[in-house]
Amino acid sequence: MIEIKGIKKSFGSLEVLKGIDLTIQKGEIVSIVGPSGAGKTTLLQIIGTLDKPDAGTVHIDSVDVTTLSQKKLSDFRNRHIGFVFQFHQLLPEFTALENIMIPAYIAGTSNKAARQRAEELLQFMNLSDRANHKPNELSGGEKQRVAVARALVNNPAVILADEPSGSLDTKNKEELHQLFFDLRDQFGQTFVIVTHDEHLAGITDRTIQMRDGLLVPSEDAAESD
């Protein structure tokens, strides 16, 4: 579903990614771990089409996104990729329901269809009673679940999450982690998660370790544990 070949990326003289090859299957929940500076977030941004590699290709749903024009890339990102960030990034002036609907509006979905989809997701997240609350009226866990619903509203091929539970307490972390697996079981959703959370990494289908801009072979990763 995601196929990455020969990805390299430098910022000035600093070589951040040194040739990444990676395949992720549909419905797989994959965590990417490693020390700060290993290149995890840069790789996630390239998979998410937020940044372009200097070399290599990224195929998502059989589309080579590295060849798309900026306009086609924006449209592809909106329709096929959902994002969840550490600090939810909800717009404070909009309600939970409206925040979820925004990507659907950008995709050209009708108001009725966008609202219906957002309401379904709120129900799935057990947040129907919070639909008309603005972010400052929601708890940290509720905000992050709204952010996940927003990422799902256009039925994306993959959700990319960067430290999604990093700002949450233990209880909300556990609930969010369980939500990822519920979404995979219910909708066949694919997740690629950059995390420092050892518990989350330990329960994902596959843990990919990075070091110095390269993937660590599984036998080396096992020895370093």
Determine whether Leu160 and Val16 fall in the same hydrophobic cluster, where Ile, Leu, Val, Met, Phe, Trp and Tyr are linked whenever their side-chain heavy atoms lie under 4.5 Å apart.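 Leu160 clusters together with Val16.
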
Are Val65 and Ile106 connected in a single hydrophobic cluster, I mean Ile/Leu/Val/Met/Phe/Trp/Tyr linked by side-chain heavy atoms less than 4.5 Å apart?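 Ile106 does not cluster with Val65.
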
Do NZ/NE/NH1/NH2 and the carboxylate oxygens of Lys71 and Asp75 come within less than 4.0 Å?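 No, Lys71 and Asp75 are not salt-bridged.
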
Ionic contact status for Asp205 with Arg184, cut-off 4.0 Å: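 Answer for the salt bridge query: yes.
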
Glu28: side-chain hydrogen bond (donor to acceptor under 3.5 Å, both in side chains) partners, not counting sequence neighbours: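 If we apply the side-chain hydrogen bond (donor to acceptor under 3.5 Å, both in side chains) test to Glu28, skipping adjacent residues, the hits are Arg206.
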
So, [X] versus [Y]: side-chain donor-acceptor pair below 3.5 Å or not?
X: Asn172; Y: Asp169; result: yes
X: Thr66; Y: Asp64; result: yes
X: Thr207; Y: Ser31; result: yes

Is there a salt bridge (charged side-chain N to carboxylate O under 4.0 Å, His left out) between Arg117 and Glu119? Walk through the geometry before answering. CA-CA 5 Å; Arg117 172 68 173 158; Glu119 288 173 345; over 6 Å; no

Rounded distance (nearest 0.5 Å) linking atom [atom1] of [X] with atom [atom2] of [Y]:
X: His177; Y: His199; atom1: NE2; atom2: NE2; value: 6.5 Å
X: Leu138; Y: His133; atom1: CG; atom2: NE2; value: 7.0 Å
X: Arg130; Y: Arg145; atom1: CZ; atom2: CZ; value: 9.5 Å

Aromatic ring proximity Phe191/Phe181, centre distance under 6.0 Å: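 Ring-ring flag for Phe191/Phe181: false, centres at least 6.0 Å apart.
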
If you look only at distance, which donor and acceptor atoms sit under 3.5 Å apart when one is on a side chain in residues 42-53 and the other is two or more places apart or in another chain?
{"residue": "Thr49", "atom": "OG1", "partner": "Arg77", "partner atom": "NE", "Å": "2.8"}
{"residue": "Thr49", "atom": "OG1", "partner": "Arg77", "partner atom": "NH2", "Å": "3.4"}
{"residue": "Asp51", "atom": "OD1", "partner": "Lys9", "partner atom": "NZ", "Å": "3.3"}

